[in-house]
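Read the structure below first, then the notes.
Numbers restart at 1 for each chain; the letters A, B, ... are given by sequence-line order, proteins then strands.
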2 protein chains.
Amino acid sequence: MTQPSNHIPNSSEHNHNKCVNEALITAERLCRERGVQLTPIRHKVLTLIWDSHKAVKAYELLDRLRPEQKTAKPATIYRTLDFLLEQGLIHRVESLNAFVGCHCSAYQHEQLLLICKYCEEVQERSAKGVMTALSHEAKQADFIVHSKAIEVHGTCAKCQKIQASQ
Amino acid sequence: MTQPSNHIPNSSEHNHNKCVNEALITAERLCRERGVQLTPIRHKVLTLIWDSHKAVKAYELLDRLRPEQKTAKPATIYRTLDFLLEQGLIHRVESLNAFVGCHCSAYQHEQLLLICKYCEEVQERSAKGVMTALSHEAKQADFIVHSKAIEVHGTCAKCQKIQASQ
DNA sequence: ATAATTAATGTGATAATATTGTCATTACCT
DNA sequence: AGGTAATGACAATATTATCACATTAATTAT
């Protein structure tokens with residue numbers, strides 16, 4: 001198996017169906033391997049999150065889950081999100097209070113998120129250089145790292161082009 | 001004036017009164033220079049935020065403001081926080097929905113926040129290496145950066161020592 | 001197989017965080 | 001005096017998140 005490349009949702013060759021299928025197949029495999037249950041609700045929510053590369057909010061998911069899960073309540077969603085986060089199948093975007101599918105769940109790569117303020121799509125980058133620099137900085141501060149949230153807001157390549165052409 | 005050093009709230013020589021005074025004097029000067037008003041409420045809220053190096057929540061501030069500002073409402077706090085954020089006098093800690101004083105308001109340094117999960121104190125680091133790596137990564141992705149939130153959760157030096165001695 | 005255990009979900013209530021809006025009043029600036 | 005900025009005094013509402021307890025489903029042990 002090859003290492004994951006940085007994912008560019010907007011690249012012209014991006015086939016979203018393939019993208020989603022791969023993510024779900026990987027999720028299914030990982031859950032099987034780990035002996036945890038990717039139950040129907042969890043599977044459905046993961047699918048809803050993968051519906052686009054935009055970060056999606058909890059209550060937005062709730063609304064979209066309800067048509068086929070009439071009993072869904074906030075707790076339903078938050079529990080499901082907790083599970084998906086624990087399994088590394090999604091990222092929480094702290095600066096948006098929102099969630100986005102993770103491409104790299106099979107790997108331990110820590111990710112950097114590039115968040116476009118126009119199209120709202122979130123791009124993951126493995127960003128080894130950033131992580132190395134960050135580890136170095138933490139070490140200097142004698143700080144033991146447990147988790148990182150590295151979120152960059154700005155304008156993605158696609159939206160730059162759109163703006164340039166207007 | 002010298003460049004700001006990375007601030008280590010837990011270092012043994014840390015004198016918090018001095019720390020707060022410096023921050024407030026800097027804030028007063030900056031507001032004067034910029035022609036904006038550090039009104040009594042804004043000054044008070046900034047003082048409350050600087051009360052510790054922990055990130056503090058909006059409604060916590062509201063409770064602490066009320067004894068001497070009976071009329072304070074959520075809008076009061078959020079307006080004030082907006083002002084302090086705009087002026088770069090505080091940071092918003094995205095991953096905690098909370099706020100912390102900024103040491104570097106006089107400089108344009110972008111900061112990295114080290115957040116201890118035990119004592120909850122937040123340490124700022126200017127982290128040039130991280131920022132350089134991040135700019136490089138963004139450039140590679142053809143992404144224009146507007147703002148960054150770099151938040152690292154873990155165990156600070158002081159809490160490591162406490163844990164080791166138990 | 002069945003009982004016991006653990007995991008997941010249903011359900012209702014509530015807490016915590018944040019935004020918006022209006023209009024009157026007060027403070028500050030020129 | 002007139003204009004702008006800030007606050008008071010409401011209020012209302014939106015958004016995000018948690019908790020407790022009952023019930024159901026899945027897994028494990030006997």
Starting from [atom2] on [N], measure out to [atom1] on [X] and report it in whole angstrom.
{"X": "A:Asp63", "N": "D:dT16", "atom1": "CG", "atom2": "C1'", "value": "13 Å"}
{"X": "A:Leu38", "N": "C:dA8", "atom1": "CG", "atom2": "P", "value": "11 Å"}
{"X": "A:Arg42", "N": "D:dA25", "atom1": "CZ", "atom2": "P", "value": "15 Å"}
{"X": "A:Leu84", "N": "C:dA8", "atom1": "CG", "atom2": "C1'", "value": "13 Å"}
{"X": "A:Arg32", "N": "D:dT27", "atom1": "CZ", "atom2": "P", "value": "14 Å"}
{"X": "B:Glu60", "N": "C:dT17", "atom1": "CD", "atom2": "C1'", "value": "12 Å"}
{"X": "A:Ile77", "N": "C:dT11", "atom1": "CD1", "atom2": "P", "value": "15 Å"}
{"X": "B:Ile41", "N": "D:dG8", "atom1": "CD1", "atom2": "C1'", "value": "9 Å"}

Practice prompt. Could you label the plane-to-plane angle of the A:Trp50 and A:His16 rings as parallel, tilted or perpendicular, counting under 30° as parallel and over 60° as perpendicular?
Written response: tilted
Practice prompt. Find which nucleotide of DNA chain C each of B:Gln37 and B:Ala98 is nearest to by heavy atoms, and output the residue with the more 5' nucleotide.
Written response: B:Ala98
Quick check on [N]: is either OP1 or OP2 less than 4.0 Å from any side-chain nitrogen or oxygen of [X]?
{"X": "B:Gln69", "N": "D:dG8", "value": "yes"}
{"X": "A:Thr39", "N": "C:dA7", "value": "no"}
{"X": "B:Lys57", "N": "C:dA16", "value": "no"}
{"X": "B:Asn97", "N": "C:dA16", "value": "no"}
{"X": "A:Arg79", "N": "D:dA17", "value": "no"}
{"X": "A:Tyr78", "N": "D:dA17", "value": "yes"}
{"X": "B:Thr71", "N": "D:dA9", "value": "yes"}

Worksheet item: Side chain of A:Tyr59: nearest nucleotide among D:dA17, C:dC28, C:dA8?
Response: D:dA17
Discussion item. Let's see if you can work this out: which of D:dA17, C:dG21, D:dG8 has an atom nearest to the side-chain heavy atoms of B:Ala75?
Written reply: C:dG21
Worksheet item: Between A:His103 and A:Glu22, is any side-chain donor less than 3.5 angstrom from a side-chain acceptor?
Response: no
Worksheet item: Between the side chains of B:His91 and B:Gln111, does any donor sit under 3.5 Å from an acceptor?
Response: no
Worksheet item: Which part of the nucleic acid, if any, lies within contact of A:Ala72, taking any heavy atom under 4.0 Å across all strands shown: a base, the sugar-phosphate backbone alone, or nothing?
Response: nothing
Discussion item. Is it true that, when you exclude B:His136 itself, more than 12 heavy atoms of the residues, nucleotides or ligands shown sit nearer than 6.0 Å to its NE2?
Written reply: no
Worksheet item: CD of A:Glu33 to OG1 of A:Thr26: how many Å apart, nearest 0.5 Å?
Response: 10.0 Å
